[in-house]
Colleague: 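I have a structure I would like to understand better, so I am pasting it below and will then ask my questions one at a time.
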Amino acid sequence: MSRHWLFKSEPDAYSFEQLRIDGTTPWSGVRNYQARNFMMEMKAGDLGLFYHSSIPEPAAVGIVKVARTAYPDFTALERGGEYYDPRSTDAKPIWMMVDVAYVEPLAHPVTLARMREDRRLAAMPLLQRGQRLSVQPIEAHEWKIILALAKKPG
DNA sequence: GCCAACGTTGGC
DNA sequence: GCCAACGTTGGC
């Protein structure tokens with residue numbers, strides 16, 4: 001059974017528009033075990049939301065899909081790089097990533113504020129106080145609700 | 001820019 | 001194993 005996911009990114013660092021241009025991108029640089037574990041649960045073809053964070057109006061802006069299941073995050077091995085982790089080796093990689101592919105934009109972005117207003121979405125990890133996970137699951141019913149919200153302007 | 005909340009680190 | 005200190009995230 002396929003699951004749904006949310007991929008969080010600061011658009012200044014990597015935007016949905018950039019993914020449109022790239023087509024597919026490795027979701028590298030995740031250095032949180034819970035987020036990594038979610039990526040290891042992903043299956044090829046799983047759909048997800050691309051969410052823009054740390055901007056005036058944080059929002060889910062587009063649909064993506066998992067194009068490649070989890071494999072070692074090469075940035076952890078890049079000595080001197082921003083994401084280098086000396087504990088990670090070729091033989092025993094610590095950090096994993098998936099490839100994420102562009103699918104389509106939401107007709108209308110679903111802002112964080114809109115999600116907060118919808119009580120049916122109250123259980124989403126994204127909306128929990130102090131929650132910072134950059135990769136998180138979305139339940140089937142939440143997925144449906146968000147896509148329905150995206151069909152009409154906020 | 002502020003600051004609450006979180007995960008990680010490291011001394012003990 | 002505890003927990004204080006620290007750095008980071010991310011909404012506001």
Side-chain angles (χ1 to χ4, degrees), chain A residues 3-22 25-42 46-66 69-100 102-103 105-139 141-143 145-150 152-154:
Chain A
R3 298 176 69 188
H4 297 99
W5 309 96
L6 183 142
F7 295 88
K8 202 189 280 184
S9 183
E10 299 186 20
D12 286 350
Y14 193 87
S15 66
F16 189 61
E17 170 62 13
Q18 187 60 49
L19 181 60
R20 186 184 66 75
I21 294 163
D22 294 342
T25 196
W27 207 254
S28 62
V30 173
R31 296 292 178 268
N32 171 283
Y33 287 104
Q34 207 179 343
R36 179 203 66 180
N37 293 344
F38 284 135
M39 287 198 289
M40 292 172 73
E41 293 174 17
M42 293 180 185
D46 279 2
L47 294 175
L49 289 173
F50 197 106
Y51 175 87
H52 281 164
S53 67
S54 291
I55 50 174
E57 272 209 321
V61 295
I63 297 177
V64 297
K65 79 177 169 200
V66 176
T69 53
Y71 62 105
D73 182 338
F74 55 81
T75 64
L77 304 172
E78 289 172 348
R79 190 174 289 269
E82 186 181 353
Y83 296 103
Y84 178 61
D85 185 341
R87 299 170 302 168
S88 197
T89 63
D90 274 319
K92 281 195 170 182
I94 295 177
W95 301 112
M96 308 291 281
M97 61 190 181
V98 296
D99 283 354
V100 172
Y102 182 91
V103 176
L106 297 179
H108 304 280
V110 179
T111 63
L112 180 62
R114 270 183 97 189
M115 289 188 257
R116 282 201 194 288
E117 283 167 12
D118 195 313
R119 303 173 68 174
R120 297 170 299 171
L121 299 177
M124 286 182 70
L126 182 71
L127 307 183
Q128 306 314 305
R129 186 176 179 74
Q131 189 296 127
R132 300 181 309 179
L133 269 185
S134 61
V135 175
Q136 34 180 283
I138 299 175
E139 298 306 319
H141 71 282
E142 296 163 346
W143 175 260
I145 291 164
I146 293 168
L147 291 198
L149 289 175
K152 50 191 180 184

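To find a chain, count down the sequence lines: A is the first, B the second, and so on, and within it residues start at 1. No experiment lies behind these values; they were computed from the predicted model shown. Side chains included, hydrogens not; waters and symmetry mates left out as well; all remaining heavy atoms used.
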Colleague: Roughly how many Å is it from CG in A/D12 to C1' in C/dG10, rounded to a whole number?
Modeller: 13 Å
Colleague: Under 4.0 Å, heavy atoms only, any strand: does A/R116 hit a base, just the sugar-phosphate, or nothing?
Modeller: sugar-phosphate
Colleague: Quick one: which of A/W27, A/Y83, A/Y33 gives a ring pair (Phe, Tyr, Trp, His ring centres under 6.0 Å) with A/W95?
Modeller: A/Y33
Colleague: Taking side-chain contact (heavy atoms from CB on, under 4.5 Å) as the criterion, tell me which of A/D73, A/I94, A/V135 meets it with A/R36.
Modeller: A/I94
Colleague: Measure from CG on A/L126 to P on C/dT9 and round the result to the nearest Å.
Modeller: 16 Å
Colleague: With a 6.0 Å cut-off on ring centres, are A/F16 and A/Y51 close enough?
Modeller: no
Colleague: Quick one: A/E10 CD to C/dT9 C1', roughly how many Å, whole number?
Modeller: 8 Å
Colleague: How long is the span from the NZ atom in A/K65 to the CG atom in A/D99, to the nearest 0.5 Å?
Modeller: 12.5 Å
Colleague: Roughly, in whole Å, what's the span from CG in A/L127 to P in C/dG10?
Modeller: 14 Å
Colleague: Measure from CD on A/Q131 to P on C/dG11 and round the result to the nearest Å.
Modeller: 9 Å
Colleague: For residues 75-90 of chain A, which residues have at least one heavy atom under 4.0 Å from DNA chain C?
Modeller: none
Colleague: With a 4.5 Å cut-off on side-chain heavy atoms, are A/T25 and A/Y102 touching?
Modeller: no
Colleague: Counting C-beta onward and ignoring hydrogens, is there a side-chain heavy-atom pair between A/N32 and A/S134 closer than 4.5 Å?
Modeller: no
Colleague: Looking at side-chain heavy atoms only, is the closest gap between A/L133 and A/L126 below 4.5 Å?
Modeller: no
Colleague: Let me know the distance between CD of A/Q34 and P of B/dA5, rounded to the nearest Å.
Modeller: 18 Å
Colleague: First locate atom CD of A/E41, then atom CZ of A/R3, and finally report the distance between them rounded to the nearest 0.5 Å.
Modeller: 5.0 Å
Colleague: Side-chain N or O of A/Y51 versus OP1/OP2 of C/dG11: is the shortest distance under 4.0 Å?
Modeller: yes
Colleague: Distances for protein N/O vs nucleotides 6-8 of chain C N/O pairs under 3.5 angstrom?
Modeller:
| residue | atom | partner | partner atom | Å |
| --- | --- | --- | --- | --- |
| C/dT8 | O2 | A/R132 | NH1 | 2.6 |

